[in-house]
Amino acid sequence: DTAVSQTPKYLVTQMGNDKSIKCEQNLGHDTMYWYKQDSKKFLKIMFSYNNKELIINETVPNRFSPKSPDKAHLNLHINSLELGDSAVYFCASSQGTSDTEAFFGQGTRLTVV
Amino acid sequence: GENVEQHPSTLSVQEGDSAVIKCTYSDSASNYFPWYKQELGKRPQLIIDIRSNVGEKKDQRIAVTLNKTAKHFSLHITETQPEDSAVYFCAASGTGGFKTIFGAGTRLFVKA
């Protein structure tokens with residue numbers, strides 16, 4: 001049983017396209033996150049959601065729009081993809097606030113060409 | 001703003017030696033300090049964590065120390081093994097918050 005699962009695992013697309021990454025957790029957690037890991041391995045938070053509500057938006061461009069239909073799902077839609085969006089995107093979840101263990105999905109490697 | 005600095009960026013040790021990774025944080029409201037291990041091509045996974053009311057915590061070959069006054073915390077791995085080779089991230093978070101700040105990562109190589 002995968003605790004946090006995200007799809008797809010790999011995504012290769014052209015500049016200007018729109019794409020989505022899906023994330024689901026079966027841990028019953030209240031909080032979900034999106035992180036971006038660039039080529040230098042920096043792991044940076046993008047969004048935090050608690051009970052479907054946006055709590056943190058770390059100055060991410062408007063082209064990135066997260067959506068949480070319920071507290072078990074947090075999807076990420078990206079419009080007008082740019083070369084600089086190429087990275088590994090990790091979904092994660094935690095019980096309650098961020099001062100508890102975060103469980104990460106397996107990552108989605110996005111390559112924009 | 002909040003910041004977590006991590007050193008060194010790369011660490012190479014001989015199997016059986018100890019490895020130490022150090023982090024400093026800027027936000028005095030931080031009180032939860034997890035360490036994550038990320039193997040090549042895999043997801044980050046928690047290996048140990050410490051809270052601000054504790055100065056040291058140990059789990060087999062891994063230990064963390066926290067100096068809240070100096071805003072320093074460190075990861076110690078003893079008797080390193082080749083399977084310890086990975087990228088290690090320190091992180092800091094505050095009570096009741098929804099944001100964890102990660103350090104830049106340390107790539108640890110354990111040579112057999």
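First the proteins, then the strands, lettered A, B, ... as listed; each starts at 1.
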For this session: Would you mind listing every disulfide (SG to SG under 2.5 Å) that reaches into residues 47-78 of chain B, with sequence neighbours excluded?
Result: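 Every candidate disulfide (SG to SG under 2.5 Å) pair involving residues 47-78 of chain B fails, so no pair, neighbours aside, qualifies.
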For this session: Using the disulfide (SG to SG under 2.5 Å) rule, collect all pairs that involve residues 14-94 of chain B, keeping only residues at least two apart or in two chains.
Result: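 Residue pairs passing disulfide (SG to SG under 2.5 Å), neighbours aside: B:C23-B:C90.
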Starting from [Y], can I reach [X] by hopping between I/L/V/M/F/W/Y residues whose side chains sit under 4.5 Å apart?
X	Y	value
A:I21	A:V60	yes
A:M46	A:L74	yes
B:I77	B:I50	yes
B:L46	B:F33	no
B:I47	B:L108	yes

[X] versus chain B, the contacting section by heavy-atom distance below 4.5 Å:
X	answer
A:F90	side chain
A:A102	both
A:I45	side chain

Exercise. With chain A, which of B:P44, B:P34, B:G41 has the greatest number of heavy-atom pairs at distances under 4.5 Å?
Worked result: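 When all of B:P44, B:P34, B:G41 are compared, B:P44 has the most.
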For this session: Count the heavy-atom pairs under 4.5 Å between each of B:A104, B:G97, B:G105 and chain A, then report the option with the highest count.
Result: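 So the answer, after comparing B:A104, B:G97, B:G105, is B:G97.
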Problem set entry | Contact listing (chain B partner; residues 12-19 of chain A; heavy atom under 4.5 Å) |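 Under the 4.5 Å heavy-atom cut-off, nothing qualifies.
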Exercise. For the atom pair CG (A:L43) and CZ (B:F102), what is the distance rounded to the nearest 0.5 Å?
Worked result: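 Atom-to-atom, A:L43:CG and B:F102:CZ are 5.0 Å apart.
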Problem set entry | B:L40 CG: over 12 foreign heavy atoms closer than 6.0 Å |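 Counting other residues, nucleotides and ligands, CG of B:L40 stays at 12 neighbours or fewer.
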Exercise. Tell me, side chain or backbone of B:F98 under 4.5 Å from chain A's heavy atoms, or both, or neither?
Worked result: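 For B:F98, backbone and side chain are both near chain A.
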Check: every donor-acceptor pair under 3.5 Å linking chain A and chain B:
{"residue": "A:Q37", "atom": "OE1", "partner": "B:Q38", "partner atom": "NE2", "Å": "3.1"}
{"residue": "A:Q37", "atom": "NE2", "partner": "B:Q38", "partner atom": "OE1", "Å": "2.9"}
{"residue": "A:S48", "atom": "OG", "partner": "B:F98", "partner atom": "O", "Å": "2.5"}
{"residue": "A:E58", "atom": "OE2", "partner": "B:K99", "partner atom": "NZ", "Å": "3.0"}
{"residue": "A:S98", "atom": "N", "partner": "B:G97", "partner atom": "O", "Å": "2.8"}
{"residue": "A:S98", "atom": "O", "partner": "B:S93", "partner atom": "OG", "Å": "3.3"}
{"residue": "A:S98", "atom": "OG", "partner": "B:S93", "partner atom": "OG", "Å": "2.5"}
{"residue": "A:S98", "atom": "OG", "partner": "B:G97", "partner atom": "O", "Å": "3.1"}
{"residue": "A:S98", "atom": "OG", "partner": "B:K99", "partner atom": "N", "Å": "3.2"}
{"residue": "A:S98", "atom": "OG", "partner": "B:K99", "partner atom": "O", "Å": "3.4"}
{"residue": "A:D99", "atom": "O", "partner": "B:R51", "partner atom": "NH1", "Å": "3.0"}
{"residue": "A:D99", "atom": "O", "partner": "B:R51", "partner atom": "NH2", "Å": "2.8"}
{"residue": "A:E101", "atom": "N", "partner": "B:Y32", "partner atom": "OH", "Å": "3.4"}
{"residue": "A:A102", "atom": "N", "partner": "B:Y36", "partner atom": "OH", "Å": "2.9"}
{"residue": "A:F104", "atom": "O", "partner": "B:R43", "partner atom": "NH1", "Å": "2.9"}

